[in-house]
Amino acid sequence: MVSKTFSDHCPPTTDHFTFMTVRVRFAPSPTGYLHIGAARTALFNFLFARKTGGKFLVRVEDTDLARSTEESTRSIFEGLEWLGLNFDEEPVFQSANATAHRDAALRLIANGKAYRDFTPKEEHAEGKVKQDIAERARRDHAEGIDHRANACRDLTTEESDRRAADGEPFAVRLKVPVNGSSHFEDMVYGEQTRDYSEIEDLVLLRSDGHPLYNLSVVCDDIAMNITHVIRGQDHLTNTHKQILIYKALETNVPRFAHLPLILAPNKAKLSKRKHGEVVSLTTYRDRGFLPEAFVNALVLFGWSPPDEHEIFTFDELIKQFDLEHIHRSNAVFNFSETDARLWTDQKAQFINAEYVRTMPFENLLPYIQSELESVGLWRDEYAGERRAWFEATVNLIRERFYTLKDFSGQGRAYFADDFPFDAAAVKKNLKKDERLRELLPALAEKFSSLEPFTHDATEAAMREFCEHHAVKVGVIANAARTALTGQAVGASMFHVFESIGRERAIKRLRDATSLI
RNA sequence: GGCGCUAUGGUGUAAUUGGUUAACAUGCAGCCCUCUCAAGGCUGAGAGUACGGGUUCGAUCCCCGUUAGCGCUACCA
């Protein structure tokens, strides 16, 4: 009896896949940009593969012809590349396997595990599908109708074959056992049970011949030899249906690990329509996040390390990562749509800043280079004869930066002679004291003969200068900061002098008088 | 409506699986440092663990109920 084998299925801790090389996949559907939730799923799969010495694969689930776009596919691959999640084999495009999926469904009819359903397709109004389903379920329940009752299930083979041969359209449905229940051990959520009475005979093939999601996933996972399915928790209850298909196909069932979801601040599902660009991975790249930092931030949603360290390199992460410490409750991505400072999760911002200011210079250099290149400020000598200066300057300014964008924004005055003056800074530091009109050029004059032009030398010279003119060091330092960088805030002025250099410092001190 | 999953400061997460003044990070406030702003150091506010019942000498942890959120319930993925 088929139902008996189903009911008895309960995977032991060590199963068929335990001794095989781990093979996991990331299976996005290309219907938009790469969502941060999907990115995290990809990351967890990747980490698990690297951790276990297994393979990380990608399968593009492009079976929804209407919604899938090439542009989306491209952005998904770009996103994976940006994050550094390199896959091990050629990506699989699910649409290419439709024939195999259809054949599998037909095979199931042949051996009696599935049947043709000649009932005409139910049409659902656009956008009302969820409502329709809930309503139908409610109505059936109220009227005592068994939603599983389907006259076609018990059609004789002869009649079924005849009607099919006559050209009558049919969908293919899996025969779900009438009695018993489905069980599996989720690696995150633990023992899962679902009564077969809760599962309708699911459609494998549409009447137009197109295979449906559950069939396609299972077939492809079998074809790709997937050992562990790591995906969002929204598939937790679907898993029972998929296991039914595995059993019908008489293949081994992989292990499952479902991940908690990442929610919006109001605990609603994170969606582009409602939440905009915060959910798109490309936003983070475009706003100056370091992929290493974003990975670090992302991994903390739904997983936590055994110890309390939260900042780690990719290699440390691979070493530390495990399925055991994945959380079961959904996480909320904390941001505000009204406060620009809180445009995205604050902790993610902190982690990015932490990386910007502490990452080894050599690792950061390529990112800064491409940032400066994007605004036309990169010069090859920064990697050559002026490398020491460049490194010292970067180390000086990155201390108070949050993103890569700051190198071309706040940091512009270090790499360009044309830079904007912050109006508030000019008002506060330059216009405040009339004497600066004479003092700034005087300081420039003093600097012109100063040798060497270093942090210590400029400090000594300036302190002496201030004493001589009976003016507070702070007044001159702040005025100089605005004159040299256009800003009210920044690094210690003596370091700034040294970095900007004598020529540029003198010129900027003199030019600033026009602003006073 | 049915079924399933989840519930610890604002947010992300800990709590050796029943014994802690409920911990860490972020964010917030203050102080120190100081030429500004960060960083850093120090201090502080912020949860009695969704709510209500049990079990127990003792529950964040186990059980039941309620509530809320999420998911599934499709010839979507």
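Naming convention: chains lettered A, B, ... in sequence-line order (proteins, then strands); numbering from 1 in each chain.
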Can you name the atoms? Protein N/O to nucleotides 1-8 of chain B N/O, anything below 3.5 Å, with the distance.
{"residue": "B/rG1", "atom": "O2'", "partner": "A/His141", "partner atom": "ND1", "Å": "3.1"}
{"residue": "B/rG2", "atom": "O2'", "partner": "A/Glu198", "partner atom": "OE1", "Å": "3.4"}
{"residue": "B/rG2", "atom": "O2'", "partner": "A/Glu198", "partner atom": "OE2", "Å": "3.4"}
{"residue": "B/rC3", "atom": "O4'", "partner": "A/Glu198", "partner atom": "OE1", "Å": "3.4"}
{"residue": "B/rU6", "atom": "OP1", "partner": "A/Arg328", "partner atom": "NE", "Å": "3.1"}

For [N] and [M], measure between their [atom1] atoms and round to the nearest Å.
{"N": "B/rU17", "M": "B/rG46", "atom1": "P", "answer": "31 Å"}
{"N": "B/rU49", "M": "B/rA22", "atom1": "C1'", "answer": "8 Å"}
{"N": "B/rG41", "M": "B/rU6", "atom1": "C1'", "answer": "40 Å"}
{"N": "B/rG65", "M": "B/rG2", "atom1": "P", "answer": "14 Å"}
{"N": "B/rU56", "M": "B/rA45", "atom1": "P", "answer": "38 Å"}
{"N": "B/rC31", "M": "B/rG19", "atom1": "C1'", "answer": "38 Å"}
{"N": "B/rG48", "M": "B/rU43", "atom1": "C1'", "answer": "23 Å"}
{"N": "B/rA14", "M": "B/rG52", "atom1": "P", "answer": "25 Å"}

| task | Under 4.0 Å between any heavy atoms, over every strand shown, what does A/Val332 touch: base, sugar-phosphate, or nothing? Just pick one. | result |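 Touches sugar-phosphate only.
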| query | When all nucleic acid strands are considered with a 4.0 Å heavy-atom cut-off, which category describes A/Ser216: base, sugar-phosphate, or nothing? | reply |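 Nothing, no heavy atom under 4.0 Å.
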| Considering residues at least two apart in sequence or located in another chain, which fulfil the side-chain contact (heavy atoms from CB on, under 4.5 Å) criterion with A/Glu122? | A/His124, A/Arg136
| message | Going by the rule side-chain contact (heavy atoms from CB on, under 4.5 Å), which residues pair with A/Asp456 if we only count those two or more places apart in sequence or in a different chain? | response | A/Thr454
Which atom pairs, one a donor and one an acceptor, fall under 3.5 Å between side chains of residues 421-430 of chain A and the rest of the protein, sequence neighbours left out?
{"residue": "A/Asp422", "atom": "OD2", "partner": "A/Ala425", "partner atom": "N", "Å": "3.0"}
{"residue": "A/Asn429", "atom": "ND2", "partner": "A/Asn478", "partner atom": "O", "Å": "3.4"}
{"residue": "A/Asn429", "atom": "ND2", "partner": "A/Thr482", "partner atom": "OG1", "Å": "3.0"}

| request: Using a 4.0 Å heavy-atom cut-off, write out nucleotides 33-47 of chain B from 5' to 3' as B (base contacted by protein), S (sugar-phosphate only) or - (no contact). | output: --BBBBS--------
I'd like a table of donor-acceptor pairs (distance under 3.5 Å, sequence neighbours excluded) in which one partner is a side-chain atom from residues 484-492 of chain A, with atom names and distances.
{"residue": "A/Thr485", "atom": "OG1", "partner": "A/Arg481", "partner atom": "O", "Å": "2.6"}
{"residue": "A/Thr485", "atom": "OG1", "partner": "A/Gln487", "partner atom": "N", "Å": "3.3"}
{"residue": "A/Gln487", "atom": "NE2", "partner": "A/Gln410", "partner atom": "O", "Å": "3.2"}

| Where does B/rG48 land, syn or anti, given syn is within 90° of 0? |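 Syn conformation here, the glycosidic angle of B/rG48 being no more than 90° from 0.
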| Would you call B/rU6 syn or anti, using the 90° rule around 0? | anti
| said: Give the dot-bracket line for RNA chain B from 5' end to 3' end: parentheses for intra-strand Watson-Crick or G-U pairs under 3.5 Å, square brackets for crossings, | for inter-strand pairing, dots for unpaired. | reply: (((((((..((((.....[...)))).(((((.......))))).....(((((..]....))))))))))))....
Within [range] or reaching into it, pairs that qualify as side chain to side chain donor-acceptor pair (under 3.5 Å) - sequence neighbours excluded:
{"range": "residues 295-306 of chain A", "value": "A/Asn296-A/Tyr355, A/Trp303-A/Asp322"}
{"range": "residues 393-404 of chain A", "value": "A/Trp389-A/Thr393, A/Thr393-A/Ser499, A/Asn395-A/Arg398"}
{"range": "residues 99-108 of chain A", "value": "A/His101-A/Ser216, A/His101-A/Asp220"}

| field | salt bridge (Lys or Arg N to Asp or Glu O under 4.0 Å) involving A/Glu123 - partner list, sequence neighbours excluded | value | none
| task | Round to a whole Å and report the spacing from CD of A/Gln346 to P of B/rU11. | result |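 After rounding, the reported distance stands at 11 Å.
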| request: Just compare B/rG71, B/rU11, B/rA25 and give me whichever is closest to any side-chain atom of A/Glu310. | output: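 In terms of side-chain proximity for A/Glu310, the closest of B/rG71, B/rU11, B/rA25 is B/rA25.
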| message | For the CG atom of A/Asp234 and the CG atom of A/Leu259, what is their distance to the nearest 0.5 Å? | response |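 Atom-to-atom, A/Asp234:CG and A/Leu259:CG are 10.0 Å apart.
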| task | With sequence neighbours excluded, tell me which residues meet side chain to side chain donor-acceptor pair (under 3.5 Å) with A/Arg138. | result | none
| So do the side chains of A/Leu404 and A/Leu364 get within less than 4.5 Å of each other, counting heavy atoms only? |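 A/Leu404 vs A/Leu364: side chains touch.
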| Phosphate OP1/OP2 of B/rC72: any A/Lys130 side-chain N/O under 4.0 Å | yes
